[in-house]
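For reference, the structure discussed in these notes is given below.
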Amino acid sequence: MNVYEAIAARRDVRNEFTGNVLSEDQLHRVLSAAHAAPSVGNTQPWDFVVVQDRDILRRFAAHVAERREAFARSLPSDRADTFRPIVVEGIESSGTGVVVTYDPARGGRHILGRHTIDETGRLSVGLAIQNLWLAATAEGLGVGWVSFYTESFLHELIGIPDGIEVVAWLCLGPVTELQAVPDLERFGWRDRRSFDDVVHRESFGAS
Ligand SMILES: Cc1cc2nc3c(=O)[nH]c(=O)nc-3n(C[C@H](O)[C@H](O)[C@H](O)COP(=O)(O)O)c2cc1C
């Protein structure tokens, strides 16, 4: 699979995990791909906590179910109806969680490139996640990003030190298939914007 094929095939997965756990070799390859990402000042501000303990997965899934319910309750009734059938996680069925964290102190005080734009640190972690996602796709695996959690809960659950931020919980595992169309489009939540809408020439207002 070349990079364009991986980009086209990549999907956020919730329902298609097989229930089996990926191999250690696959895990090593996708985490190596993540760790090969570019980063501001070459700080590599990420860490990856691999969670496969069934009890921890179950406790995290229960927390996410509560947060999903709170979001559902916050919606106006028409959006709540659209949201109801949408599954937002495959925490237990994937068999593996990869918690991706950001250490803003990594690299010390004088970070080349983060001097004026602090956000470049967190963006670097996002690039590591995208590397992981594409590598997993090339491996025939699925990834599902879960952000329905409170940070303090996750800090406590897996012992993340103060000062380190959680960026993502990624469900990672073998899949039966990758959907051709994102779930949020299939269920009518939100469509992908057209290419012409997002590309501008010379000024932001121009099409
Ligand atoms: C920062 C971020 C947070 C996300 N959080 C969730 C989440 O909590 N639950 C979920 O089901 N999908 C989550 N997603 C997946 C998006 O819903 C998905 O990427 C989007 O609908 C497009 O679908 P696709 O990735 O299959 O192209 C998240 C994606 C990103 C980038």
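Ligands are counted one by one from 1 in listed order, and the atoms in each one are counted from 1 as well.
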Would you mind listing which atoms of ligand 1 come within a distance below 4.0 Å of any non-hydrogen atom of [X]?
| X | result |
| --- | --- |
| Leu184 | 17 (O), 21 (O) |
| Arg11 | 24 (P), 26 (O), 27 (O) |
| Val146 | 7 (C), 8 (O) |
| Ser147 | 3 (C), 4 (C), 5 (N), 6 (C), 7 (C), 8 (O) |

Could you check [atom] against the protein and tell me its nearest heavy-atom contact, residue, atom and distance included?
| atom | answer |
| --- | --- |
| atom 22 (C) of ligand 1 | Pro182 CB, 4.1 Å |
| atom 6 (C) of ligand 1 | Trp145 O, 2.8 Å |
| atom 19 (O) of ligand 1 | Asp12 CB, 3.9 Å |
| atom 9 (N) of ligand 1 | Val88 O, 3.0 Å |
| atom 12 (N) of ligand 1 | Arg14 NH2, 2.9 Å |

| query | Do Tyr149 and His63 have ring centroids that are under 6.0 Å from one another? | reply | no
| message | Could you check, using the six-membered ring where one of them is a Trp, whether Phe83 and Phe71 have ring centers closer than 6.0 angstrom? | response |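 Here the rings of Phe71 and Phe83 have centres that are less than 6.0 Å from each other.
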| Closer than 4.0 angstrom: is that true for some heavy atom of Arg10 and an atom of ligand 1? | yes
| task | Look at ligand 1 and say whether Arg192 reaches it with a heavy atom at a distance under 4.0 Å. | result |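 It does; at least one heavy atom falls under 4.0 Å.
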Does [X] reach the side chain of [Y], with side-chain heavy atoms less than 4.5 Å apart?
| X | Y | value |
| --- | --- | --- |
| Glu16 | Val13 | yes |
| Trp169 | Trp145 | no |
| Val51 | Thr96 | no |

| Cluster overlap Ile111 with Trp46, hydrophobic side-chain contacts below 4.5 Å |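 Cluster IDs for Ile111 and Trp46 differ.
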| request: Taking the six-membered ring of Phe153 (Phe, Tyr or Trp), confirm whether the NZ or CZ of Arg59 is under 6.0 Å from its centre and within 45° of its axis. | output: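 No, Arg59 and Phe153 do not form such a contact.
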| field | Stacked cation flag Arg11 on Trp133, 6.0 angstrom / 45 deg | value | no
| query | Just to confirm, does any protein heavy atom lie below 4.0 Å from atom 30 (C) of ligand 1? | reply |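 Yes, at least one protein heavy atom sits under 4.0 Å from atom 30 (C) of ligand 1.
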